[in-house]
Protein chains: 2
Amino acid sequence: MTNIKDVAKQAGVSASTVSRVLSGKNCVNRETRRKVLEAARALDYSPNVLAKGLKMGRSNTIALMVPSIENEIFPTIARGVEDTARKSGYTVILCNTYEDVAVEQAYINKLRTRWIDGFIVASMLPNSDHIRSLWEDGFPVVLLSRYYGDPVDAVIVDNVQAAYDAVNYLIRGGHKRIALALGRKELPFYADRWAGYRAALADNGLPYDERLVLHETNGTNSFYHLTKELVKSDLRPDAIFATSDPKAVVVMRALHDCGLRIPGDISVIGFDNAYISSMIEPPLSTVSQPLYEMGVAAAKRLIRRIRSREDKTPAEPPSVEVMPTDLIIRRSTR
Amino acid sequence: MTNIKDVAKQAGVSASTVSRVLSGKNCVNRETRRKVLEAARALDYSPNVLAKGLKMGRSNTIALMVPSIENEIFPTIARGVEDTARKSGYTVILCNTYEDVAVEQAYINKLRTRWIDGFIVASMLPNSDHIRSLWEDGFPVVLLSRYYGDPVDAVIVDNVQAAYDAVNYLIRGGHKRIALALGRKELPFYADRWAGYRAALADNGLPYDERLVLHETNGTNSFYHLTKELVKSDLRPDAIFATSDPKAVVVMRALHDCGLRIPGDISVIGFDNAYISSMIEPPLSTVSQPLYEMGVAAAKRLIRRIRSREDKTPAEPPSVEVMPTDLIIRRSTR
DNA sequence: GAGTGCTATGAAAACGTTTTCAAAGCGGCT
DNA sequence: AGCCGCTTTGAAAACGTTTTCATAGCACTC
């Protein structure tokens with residue numbers, strides 16, 4: 001590996017001068033600059049980032065913490081983050097936490113020492129105090145999708161409104177008895193979608209019936225039996241709002257196995273606009289989150305924070321960015 | 001940030017001793033060790049990885065290069081890689097290359113200078129000489145899924161055999177005219193699946209008819225029209241083998257829209273056992289690759305290479321690890 | 001009692017940068 | 001001639017580790 005001294009020797013100057021040229025300082029003679037650049041090219045020199053990072057106190061690296069990259073929404077988010085980071089000269093470290101505090105803790109410790117420049121956290125839980133300590137200790141942090149009102153930057157969607165819109169659409173379409181396939185309630189976005197569901201019912205003068213709310217027990221597949229039971233009861237709904245697309249797919253399978261037609265006998269609407277949702281039969285109506293753009297926004301925000309911290313410019317107060325959702329109507333609703 | 005000298009002062013010893021204790025050297029007095037550990041704990045010390053990496057000439061970081069993390073198989077692979085790396089003290093950098101040489105090149109250059117310890121490359125193309133130069137230059141590299149016979153470690157499945165098994169199963173089930181929904185031929189695994197398809201036909205005395213081979217034009221959706229056309233021609237097949245599950249889903253949609261019953265009128269079999277495949281109606285028969293395990297195997301192999309390079313132990317010759325596939329029969333085949 | 005070997009420790013060099021400080025060179029001014 | 005200010009450059013310190021080398025202490029052996 002050639003280092004800065006080799007380049008200096010080749011160009012007949014000192015290491016300081018090479019450093020100055022390569023980091024774009026202007027107080028260097030044109031001719032010298034030319035020689036240095038030529039020498040650097042000739043030796044195929046590229047600076048050692050570890051040494052640079054050590055000296056500068058930063059690594060140009062950010063960490064993306066997700067529950068699991070296999071979950072439907074995170075690959076797209078990760079692409080947004082990574083594309084944006086790359087364009088700004090940052091590298092992304094991927095952390096699957098499985099929502100396990102020990103794993104998160106290990107990453108945080110490890111990453112602290114790495115001089116990781118900042119975190120995008122999409123795996124926050126209400127009681128994740130080890131994550132809270134990150135921004136309390138002054139690390140740049142942006143929360144993604146899961147937000148609990150803390151004084152920290154965040155990128156989210158208005159889940160209440162989005163769910164409201166979906167349910168409202170069903171009601172306007174003439175549906176009277178709308179069931180809800182509800183994910184883990186401790187996750188804020190599911191809680192919000194639940195609230196939006198209730199609000200839409202209330203605003204349209206429909207009763208809220210707890211028996212129409214299917215609570216996830218263990219995993220997405222639990223909705224298979226829950227749906228079957230509900231449909232066979234005397235409470236058969238004319239529509240089901242699923243709080244995520246995979247849930248909607250399971251619901252549709254259950255309905256299909258009960259011999260019900262979608263949307264003839266019952267409408268189904270999902271949430272997330274996962275890739276799968278346009279592929280199944282019938283194509284699923286759903287609420288679309290701008291996942292890629294959310295990743296982009298989070299990365300931009302984080303990088304801005306990191307830079308402003310380095311520049312010692314006065315920090316702006318943290319703020320929350322609410323991204324727009326779209327209601328995408330396909331053929332699973334009438 | 002507290003550093004090793006602070007700990008040394010606190011413990012009343014020299015920095016060397018602290019370093020020795022913390023990196024587990026044995027030639028240090030019990031009592032001294034105790035004092036050092038106590039001081040380290042008291043000061044909440046953790047070593048600066050950049051400094052360590054600079055000194056040691058390694059970063060404990062590996063890079064995972066994928067075409068796009070959004071592609072069906074990569075999230076699972078990424079989990080396998082990341083879990084394994086974490087357990088061995090390595091951190092994973094995620095690189096979406098979009099199969100764009102410029103992006104790959106940028107990453108390689110960047111990562112070279114980072115003293116990235118090694119690469120897992122799942123985005124290799126036949127002409128990726130910039131990637132070839134990685135192992136030619138002595139970087140530890142493991143290829144994943146795409147392999148062209150180069151002298152380098154690789155983790156793959158036997159795509160010829162797997163496709164053979166799938167097609168053979170269809171033939172044994174009485175299918176006589178089997179179509180193929182074939183992905184980009186320049187990718188080795190698609191070429192191999194094609195070869196396996198031909199071999200199975202040949203071994204069973206069935207003719208190979210080029211008109212039954214649907215070639216992807218632009219994207220997965222191109223199979224929608226290709227399938228429709230084929231089905232309406234006088235060549236209507238009694239089964240379709242799709243070289244990936246998303247292709248199978250598109251094929252099924254086309255068949256459904258033509259009013260054909262699956263598997264009554266026509267059988268469909270896929271490849272990959274993507275999450276989606278068990279959810280759709282009817283659940284898709286498919287070939288399962290052990291994606292998670294492939295990620296694990298690639299990471300283990302890479303880490304072994306890295307370690308043996310550091311130990312200066314004589315390098316083993318590169319080898320190829322072939323993982324087993326399973327034929328998973330669901331309800332899309334009769 | 002001197003030599004030997006072993007353990008435990010510290011000082012200092014090294015890893016490859018960036019940046020501070022000092023100084024050299026030079027033109028222009030009094 | 002002396003001084004000032006500007007541009008350009010190099011020497012050296014610093015970032016936080018690990019590791020080499022040297023040495024001190026101590027128990028044995030002859």
Side-chain angles (χ1 to χ4, degrees), chain A residues 1-37 39-40 43-61 89 110-117 310-312, chain B residues 1-37 39-40 43-61 89 110-117 310-312:
Chain A
M1 272 298 159
T2 93
N3 63 20
I4 202 170
K5 283 184 189 163
D6 299 331
V7 179
K9 198 180 299 175
Q10 171 95 358
V13 299
S14 76
S16 333
T17 303
V18 176
S19 172
R20 275 187 276 257
V21 171
L22 264 33
S23 45
K25 297 281 193 306
N26 44 0
C27 56
V28 49
N29 185 283
R30 286 183 74 109
E31 177 59 15
T32 319
R33 153 167 283 130
R34 198 194 53 71
K35 278 192 304 186
V36 168
L37 290 176
L43 296 179
D44 190 24
Y45 168 74
S46 44
N48 180 321
V49 226
L50 262 51
K52 194 168 184 160
L54 172 60
K55 183 63 192 170
M56 311 280 277
R58 68 177 139 87
S59 61
N60 283 321
T61 300
K110 195 161 144 202
L111 298 185
R112 271 175 195 272
T113 77
R114 264 200 138 252
W115 299 84
I116 280 289
D117 294 340
E310 282 168 6
D311 300 347
K312 310 276 186 204
Chain B
M1 274 296 162
T2 90
N3 62 21
I4 202 170
K5 282 184 191 163
D6 299 332
V7 179
K9 198 180 298 174
Q10 172 93 1
V13 299
S14 76
S16 331
T17 303
V18 176
S19 171
R20 274 187 275 258
V21 171
L22 264 34
S23 44
K25 298 280 192 306
N26 45 359
C27 56
V28 48
N29 186 283
R30 285 183 74 108
E31 177 58 15
T32 319
R33 152 167 285 126
R34 197 194 54 72
K35 279 192 305 186
V36 168
L37 290 176
L43 296 179
D44 192 23
Y45 167 75
S46 44
N48 181 320
V49 224
L50 263 51
K52 193 167 185 160
L54 172 61
K55 184 62 193 171
M56 312 279 278
R58 68 176 138 87
S59 60
N60 282 323
T61 300
K110 198 162 142 200
L111 297 185
R112 270 175 195 273
T113 77
R114 265 199 137 253
W115 298 82
I116 280 290
D117 294 340
E310 282 168 5
D311 300 348
K312 310 277 187 205

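Hydrogens, waters and symmetry mates play no part in the numbers below; they use all other heavy atoms, side chains included. Letters go in sequence order (proteins before strands), and every chain restarts at 1.
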Under 4.0 angstrom, heavy atoms only, what part of the nucleic acid is [X] near: base, sugar-phosphate, or nothing?
{"X": "Met56(A)", "value": "sugar-phosphate"}
{"X": "Val13(B)", "value": "sugar-phosphate"}
{"X": "Thr17(B)", "value": "sugar-phosphate"}

Check the distance between [N]'s [atom2] and [X]'s [atom1] and give it to me in whole angstrom.
{"X": "Leu22(A)", "N": "dT17(C)", "atom1": "CG", "atom2": "C1'", "value": "11 Å"}
{"X": "Lys55(A)", "N": "dC15(D)", "atom1": "NZ", "atom2": "C1'", "value": "5 Å"}
{"X": "Lys5(B)", "N": "dA11(C)", "atom1": "NZ", "atom2": "P", "value": "11 Å"}
{"X": "Lys35(A)", "N": "dG10(D)", "atom1": "NZ", "atom2": "C1'", "value": "13 Å"}
{"X": "Arg33(B)", "N": "dA8(C)", "atom1": "CZ", "atom2": "P", "value": "9 Å"}
{"X": "Arg30(B)", "N": "dA8(C)", "atom1": "CZ", "atom2": "P", "value": "11 Å"}

Quick one, [X] and [Y] - any side-chain contact, counting heavy atoms below 4.5 Å?
{"X": "Thr17(A)", "Y": "Arg20(A)", "answer": "yes"}
{"X": "Tyr45(B)", "Y": "Asp6(B)", "answer": "no"}
{"X": "Pro47(A)", "Y": "Leu22(A)", "answer": "no"}
{"X": "Thr32(A)", "Y": "Val13(A)", "answer": "yes"}
{"X": "Met1(B)", "Y": "Asn48(B)", "answer": "no"}

What nucleotide among [options] has an atom nearest to a side-chain atom of [X]?
{"X": "Cys27(A)", "options": "dT17(C), dT8(D), dT9(C)", "result": "dT8(D)"}
{"X": "Asn29(B)", "options": "dT9(C), dC15(C), dG16(C)", "result": "dT9(C)"}
{"X": "Lys52(A)", "options": "dG10(D), dT9(C), dT17(C)", "result": "dT17(C)"}

Worksheet item: Starting at the 5' end of DNA chain C and moving along, which residue's nearest nucleotide shows up first, Thr32(B) or Pro47(A)?
Response: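 That would be Thr32(B).
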Worksheet entry | Residue met sooner reading DNA chain C from 5', once Arg20(A) and Met1(A) are mapped to nucleotides |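 The answer here is Met1(A).
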Taking only N and O in the side chain of [X], is any of them less than 4.0 Å away from OP1 or OP2 of [N]?
{"X": "Lys25(B)", "N": "dT9(C)", "answer": "no"}
{"X": "Ser14(A)", "N": "dA11(D)", "answer": "no"}
{"X": "Asn3(B)", "N": "dG16(D)", "answer": "yes"}

Fill in: DNA chain D: 5'-proximal contact among Ala51(B) and Ser16(A) (nearest heavy atom)
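Final value for this comparison: Ser16(A).
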